[in-house]
Structure formats: structure tokens, C-alpha cells
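In what follows, a structure is listed as C-alpha cells, so that the remarks can point back to it.
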Amino acid sequence: MTTIKTIEIDQDQFIDGQKESELAQGHDLLVKVMAVSLNPVDLKHVATFKTGDLRIIGYDSVGTVIGVGEQVTDFQIGDQVYYAGTTTRDGSFQEAQLIDERLVAKKPVQLAVAEAAAFPLVSLTAYELLFEKFNFIAQAGANEGKSILLVNGAGGVGSVASQLAKWAGLTVYATASPRNFDWLTQHGVDVPVDYHAGQPNNLEQFADNQFDAIAVFYSIESYLPRMVELAKPFGHIGTIVGTQKPIDIALLKNKALSFDWEFMFTKAREQYRMASQGQILSQITDLLAAGDLKSITTKTYQGLNAANLNAASELLAAGHTVGKITLTV
């Protein structure tokens with residue numbers, strides 16, 4: 001056994017540490033980490049830990065396979081891969097990580113490692129919500145004539161969801177601050193919408209029954225009544241953010257609307273269709289190669305260490321981040 005570097009959580013802060021390296025067995029790959037990204041879910045998990053409860057977190061990762069389990073069939077030593085991981089095992093903020101091959105795909109060759117690290121978690125989240133929960137067709141141009149509204153469209157998930165929706169033929173509306181409207185249009189949005197109340201192009205401008213689906217990448221409590229008005233009968237309203245208080249889904253009944261939760265970690269937690277995540281990431285790789293998806297990395301820290309993760313966390317916690325923050329080893 002060899003000792004590897006880790007970054008752990010202690011008292012709501014990242015600290016540098018170390019642990020004994022593990023061997024790949026079964027379906028596992030042992031991946032030497034080259035780059036990671038930081039997501040809001042990382043900060044949410046940090047907030048749940050108790051003092052002295054040391055854990056290695058982190059989800060998005062790009063790296064090189066340095067070990068394979070005896071049941072691995074699709075990868076070999078030397079492959080460069082990317083993945084979003086799981087909440088049930090040590091995360092990617094370490095020198096080398098074990099990851100189930102079914103959650104993994106080959107890294108897009110045309111992207112630098114920092115750019116590739118931005119995609120897995122948000123791509124899986126956006127793809128599953130659009131095509132597995134909202135039931136849009138995952139083919140180029142296959143949903144023409146239909147429209148979608150994305151609330152908080154300039155964040156990490158929104159920036160991929162807008163591009164996937166545009167590729168699939170949807171007309172895409174998305175909310176953001178006006179200073180981020182250029183970012184929205186560069187990433188597939190047809191109609192930028194000001195999230196500030198009282199502005200001429202905010203959510204109040206739209207007629208009822210306008211959108212086939214609405215995705216809320218923010219706390220949905222205050223938005224839900226207006227979303228119900230804007231959604232077409234038999235449409236979908238979905239979110240990825242947990243609620244702080246109960247919401248009244250009885251509001252959806254008279255329009256026969258569906259309420260959809262998307263939680264990217266469900267498949268690994270429940271051992272349910274795990275291989276579909278590797279397959280989705282392979283499709284994301286193809287879309288990147290074809291130019292249908294653009295980079296969403298907006299800031300990169302050089303060095304995967306506690307100091308950089310703490311600085312990145314402060315930036316992300318401020319709540320105004322566009323795209324994704326990544327860190328390279």
C-alpha cells in the first residue's frame with residue numbers, strides 16, 4: 001500500500017490530508033485525478049458534517065486510469081476518463097480515486113482537463129431532467145415546436161441544459177441577470193429573461209400556458225405558483241434543489257401537471273441503471289466533438305489543495321457564479 005494525498009472536510013473547511021491507497025477490484029477503476037470541479041452540492045454536503053467528521057468529498061473528476069478491477073470490460077490502464085461519482089464513496093478531492101466503471105466515459109479529447117472536469121455532474125443532471133423526466137426526445141431537432149423555461153439559466157446546470165435543449169430542437173427561454181444575457185445566448189438560449197421583478201422582460205411578461213416544461217435550478221418555493229400558470233396543461237415542472245419548507249403540489253392538479261425531481265446521485269445510490277450514466281457521458285463527449293456543446297468553465301485554480309478549494313468555495317457560496325469553477329492538479 002502507498003500513501004496518497006487527500007483534501008478532507010473539518011469544521012466546514014477543507015484541510016490537506018493523506019490516506020492509504022486502495023486497489024481496484026470488481027467493476028472499479030483506480031483513477032489518478034488530473035482535474036476536478038466544484039458544485040453547489042459540495043457545499044451543501046459540507047454543511048451537514050459534524051466537527052471532527054473527516055470525509056473526502058468531490059464529484060466531478062477527470063483523470064487517467066492506473067488500475068482496473070477484474071470485472072472491468074470497457075477501460076484499460078492509460079485511458080483518460082471523466083465522471084461525476086457518487087455520494088456513497090470517497091470523492092474526487094484526492095490524488096487517486098476508486099470509481100465504478102459504469103459511471104465513467106472517455107474524456108473528450110478536444111477539451112483540456114479543466115474544461116472536461118466542468119461537465120459530468122451538470123451534464124448528467126441536465127440530460128436526465130430533460131430526456132428521462134420531461135420525456136423530450138434526445139435527438140437533434142426532434143422537439144421543434146416545443147418550448148422550455150430555465151430558471152437560473154447561467155449556472156452550471158442551466159448552461160448545459162440550455163445547450164442540450166437547443167440541440168434537441170426546443171425554443172429555450174432562461175432567466176438570469178441582464179449582465180449574463182450574452183452568456184445565455186452563447187449557450188443556446190433564444191430568449192433571455194430578467195429575473196428581477198418589475199423589469200419589462202421578466203417572468204410577468206409571458207402569457208399563461210406558454211411552456212411545455214419548466215426547469216427551476218433554484219429554490220422553487222417562491223416560483224411555484226407562477227410556474228403553474230406558465231406551464232401548458234399536461235406539462236412538466238422540475239427542480240434539482242431541495243425545499244426548505246413544504247410546497248403545495250395540489251396547485252398542479254387542475255392542469256394535470258407533473259412535478260419532477262432530478263437527483264443525479266440516485267442511480268448510484270440505488271444501484272439503478274448505473275450504466276446509463278456512462279452512456280450519457282459518452283453522448284456528451286460526442287456532442288462536444290460535434291460542436292453542439294461549448295465550454296462552461298469560467299474560472300480555474302491551478303493546484304488541487306485545501307487553500308484553493310476554500311477560496312473556490314467562498315466564490316461559489318457568494319451565489320453569483322456563471323458556468324463552472326474547476327481546479328487542476
Do Thr300 and Thr326 have side-chain N/O donor and acceptor atoms under 3.5 Å apart?
yes
Is Val36 reachable from Leu316 through a run of hydrophobic residues whose side-chain heavy atoms are each under 4.5 Å from the next?
yes
Between the side chain of Asp28 and the main-chain N/O of Gly69, is any donor-acceptor distance below 3.5 Å?
no
Tell me whether Ile247 is reachable from Phe217 by hopping between hydrophobic residues (I, L, V, M, F, W, Y) whose side-chain heavy atoms are closer than 4.5 Å.
no
Taking the side chain from Thr125 and the backbone from Val157, do they hold a donor-acceptor pair closer than 3.5 Å?
no
Go through the steps to decide whether Asp208 and Arg226 satisfy the test salt bridge (charged side-chain N to carboxylate O under 4.0 Å, His left out), and finish with yes or no.
CA-CA 9 Å; Asp208 293 353; Arg226 182 58 177 150; 3.2 Å; yes
Just checking Phe75: does its CZ atom have more than 12 heavy atoms from other residues, nucleotides or ligands closer to it than 6.0 angstrom?
yes
Is it the case that the side chain of Asn202 and the backbone of Tyr195 share a donor-acceptor pair, with hydrogens and angles ignored and the cut-off at 3.5 Å?
no
Kindly state each residue pair satisfying salt bridge (Lys or Arg N to Asp or Glu O under 4.0 Å) with at least one member in residues 262-290, sequence neighbours excluded.
Glu128-Lys267, Glu132-Lys267, Glu132-Arg273
Do the side-chain N and O atoms of Glu115 and Ser295 include a donor-acceptor pair separated by under 3.5 angstrom?
yes
Kindly indicate, with the supporting measurements, whether the criterion side-chain contact (heavy atoms from CB on, under 4.5 Å) is fulfilled by Phe93 and Leu327.
CA-CA 10 Å; Phe93 297 164; Leu327 302 93; 5.6 Å; no
Give a yes or no on whether the backbone of Ala118 and the side-chain of Lys324 come within a donor-acceptor separation of less than 3.5 Å.
yes
When you measure from the centre of the six-membered ring of Tyr301, is the NZ or CZ of Lys299 closer than 6.0 Å and no more than 45° off the axis?
yes
Could you check whether any side-chain N or O of Ser147 sits under 3.5 Å from a backbone N or O of Gln210, counting only pairs where one atom can act as donor and the other as acceptor?
yes
Can you tell me if Asn39 uses its side chain to pair, donor with acceptor, with the backbone of Val41 under 3.5 Å?
no
Side-chain H-bond candidate by donor/acceptor type, Asp100 with His27, under 3.5 Å:
no
is_close_aromatic(Tyr83, Tyr59), centroid dist under 6.0 Å:
no
Looking only at side chains, do Gln18 and Thr3 share a donor and an acceptor under 3.5 Å apart?
no
Quick one, Val151 with Val193, criterion side-chain contact (heavy atoms from CB on, under 4.5 Å). Give me CA distance, side-chain angles, the key distance, then yes/no.
CA-CA 9 Å; Val151 175; Val193 181; over 6 Å; no
Main-chain N/O of Thr6 paired with Lys19 side-chain donor or acceptor, under 3.5 Å:
no
Is Thr86 reaching over with its side chain to a backbone N or O of Ala268, donor-acceptor style, under 3.5 angstrom?
no
Give a yes or no on whether the backbone of Ser37 and the side-chain of Asp60 come within a donor-acceptor separation of less than 3.5 Å.
no
Should the pair Tyr173 and Phe206 be assigned to parallel (<30°), tilted (30 to 60°) or perpendicular (>60°) ring geometry?
perpendicular
With side chain to side chain donor-acceptor pair (under 3.5 Å) as the test, would you mind laying out the steps for Thr285 and Tyr82 before giving the verdict?
CA-CA 10 Å; Thr285 296; Tyr82 71 153; 2.8 Å; yes
Run Gln80 and Lys106 through side-chain contact (heavy atoms from CB on, under 4.5 Å) and show every step you take.
CA-CA 6 Å; Gln80 287 196 351; Lys106 298 284 183 65; over 6 Å; no
I'd like to know if the side chain of Asn310 and the backbone of Ala307 have a donor-acceptor N/O pair within less than 3.5 Å.
no
Does Leu150 share a hydrophobic cluster with Leu224, counting links as ILVMFWY side-chain heavy atoms below 4.5 Å and allowing steps through other members?
no
Is there a salt bridge (charged side-chain N to carboxylate O under 4.0 Å, His left out) between Asp16 and Lys5? Walk through the geometry before answering.
CA-CA 7 Å; Asp16 293 312; Lys5 297 177 182 178; over 6 Å; no
May I ask you to check whether Thr239 and Trp261 show a side-chain donor-acceptor distance below 3.5 Å?
no
